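For reference, the structure discussed in these notes is given below.
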Amino acid sequence: MTIADQILADLRAALAGRKLPRVRSLHLPASTLRQSKDGEFGALALDDGSLGLSYLLLGGTLAGLDRGDHRTALAGTDALELAARWADPDPVWQAVGFAAVNALTRHLMDAAGFAPPSATDSIAGLDPQPGEAIGMVGFFPPLVPQIVARGARLTVLELRADLVGERDGYPVTLDPAALAPCRKVLATSTVLLNRSFDAIADAVRGAEVFALVGPSAGCLPDALFRRGVTRIGGTWVSDPAGLVAAIESGTPWGANARKFSLERADYPGWPALVAAAGR
């Protein structure tokens, strides 16, 4: 089973027999923000106010959303059925389905009264040490200085061939095997959308720390923890309406959300969430 299959199976089991909110609306960045860092994410809102985020710059996702009538057609639909479309081969449905997975996860966590603790930094508490081998999955330039400035030996794994080569003291490669010596690995949550997570998880089995970070890292985490992830860093929305407005206008999210960091040891598991939430 792929990681998507495992997460969807957990989600179905956790939500079985529960009255679920339906989809309220899909929110996308303004056309003037497309292909910029201010237009990378969209949000799916459910009737109870739960919000799920998803990355939109893979495989022509935004263009596909623009061509369809998704924003109107999705209103009132079954959120769990939409979540299942994360496994669809069409990148448009993958992104929208993943947003539904994240929204339903937030619905369950809110019902259970569970909220992950706030993050202390933007690199999932990796605490790079001089000479330490650290892997980064997905080239994310804003995070690089926080690692190399500490004297750690960074290796970046990418899918884009045009990014491959030596940078300022660290290599960018297409080969997952290059991560084998890394005791700490930081992966962006985009690996859950581009279907690369399973291969990466196999490549970094020996890592002491395997952190998955990004605004869309909001899915039910049980399967990720079973596959070797030790820490998840995501975005916890405090003001859904404010965040939607920020996404659509390209303004900062800070007043509407906080970054969280959830350790495997601090997560109770979905059966405990269900018990706390009731039916």
Side-chain angles (χ1 to χ4, degrees), residues 3-4 7 27-29 33 35-44 51-59 61-62 86 91 94-103 105-106 109 116-126 134-144 146-147 154 156-160 163 179 184-201 204 207 209-221 223-225 227-238 243 246-247 250 252-254 256-264 267:
I3 192 63
I7 292 172
H27 302 274
L28 304 175
L33 303 172
Q35 305 304 319
S36 75
K37 67 180 181 62
D38 294 321
E40 295 177 323
F41 294 90
L44 187 82
L51 209 65
L53 301 175
S54 191
Y55 186 71
L56 300 178
L57 299 188
L58 292 177
T61 300
L62 271 173
W86 176 24
Q94 288 174 23
V96 175
F98 190 46
V101 169
N102 288 337
T105 299
R106 180 60 189 265
M109 288 185 172
S118 295
T120 57
D121 61 27
S122 56
I123 57 171
L126 285 189
I134 292 182
M136 176 180 288
V137 181
F139 187 31
F140 198 30
L143 300 185
V144 169
Q146 300 180 57
I147 297 173
L154 178 66
V156 177
L157 177 67
E158 251 294 336
L159 290 178
R160 288 175 49 186
L163 296 176
L179 299 177
K184 297 177 181 178
V185 177
L186 180 71
T188 65
S189 53
T190 309
V191 300
L192 296 173
L193 275 175
N194 66 18
R195 301 177 184 268
S196 63
F197 175 87
D198 295 287
I200 291 162
V204 302
V209 176
F210 179 15
L212 189 69
V213 301
S216 57
C219 59
L220 207 62
L224 295 171
F225 288 144
R227 289 294 305 276
V229 173
T230 59
R231 188 176 302 150
I232 296 174
T235 295
W236 190 259
V237 180
S238 55
L243 188 65
I247 286 173
W253 297 6
N256 311 296
R258 63 176 175 85
K259 292 181 180 179
F260 72 81
S261 181
L262 180 62
E263 299 276 353
R264 182 166 55 192
Y267 173 63

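These numbers were taken from a predicted model, which means no experiment stands behind them.
In this structure, CZ on Arg195 lies 13.0 Å from CD1 on Ile3, to the nearest 0.5 angstrom. Note that CG of Leu193 and OH of Tyr55 are 9.5 Å apart. Values are rounded to the nearest 0.5 Å. Within the model, atoms SG of Cys219 and CG of Leu224 stand 4.5 Å from one another, a figure rounded to the nearest 0.5 Å. Atoms CD1 and CH2, on Ile247 and Trp253 in that order, are 5.0 Å from each other to the nearest 0.5 Å. To the nearest 0.5 angstrom, Lys259 atom NZ is 7.0 Å from Thr235 atom OG1. With values rounded to the nearest 0.5 angstrom, Leu220 atom CG is found 4.0 Å from Tyr267 atom OH.
Between Asn102 and Gly218, the closest heavy-atom pair is OD1-C, 2.9 Å. Counting all heavy atoms, side chain and backbone alike, Leu56 lies closest to Thr61 at O-CB, 3.2 Å. Taking each heavy atom of Ala217 and Phe260 in turn, the nearest pair found is O-CZ, 3.6 Å. The nearest pair of heavy atoms linking Pro221 to Leu262 is CG-CD2, 4.2 Å. Taking all atoms of both residues into account, the shortest heavy-atom contact from Leu51 to Ala43 is CG-CB, 4.0 Å. In terms of heavy atoms, Gly135 sits closest to Leu154 at C-CD1, 4.4 Å.
Paired with Met136 under the rule side chain to side chain contact (heavy atoms under 4.5 Å, CB included), one option of Ile147, Thr188, Leu157, Ile123 passes, and it is Ile147.
Considering only heavy atoms from C-beta on, Phe225 comes within 4.5 Å of Ile232 through its side chain. Residues Val96 and Ser54 are not in side-chain contact: their nearest non-hydrogen atoms beyond the backbone lie 4.5 Å or more apart. Side-chain contact check for Ile134 versus Leu186: every heavy-atom pair is 4.5 Å or farther apart.
A distance-only check finds no donor-acceptor pair linking the side chain of Ser261 to the backbone of Ser118 [under 3.5 Å]. In terms of modelled atom types and a separation under 3.5 Å, the side chain of Thr230 and the main chain of Phe210 share a donor-acceptor contact. No donor-acceptor pair closer than 3.5 Å links the side chain of Arg227 to the backbone N or O of Phe197.
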Exercise for review: Quick one: do Val156 and Phe140 satisfy side-chain contact (heavy atoms from CB on, under 4.5 Å)? Show the steps, please.
Suggested key: CA-CA 9 Å; Val156 177; Phe140 198 30; over 6 Å; no
Point to revise | Intermediate values then yes/no, side-chain contact (heavy atoms from CB on, under 4.5 Å), Val237 and Asn256 | key: CA-CA 6 Å; Val237 180; Asn256 311 296; 5.6 Å; no
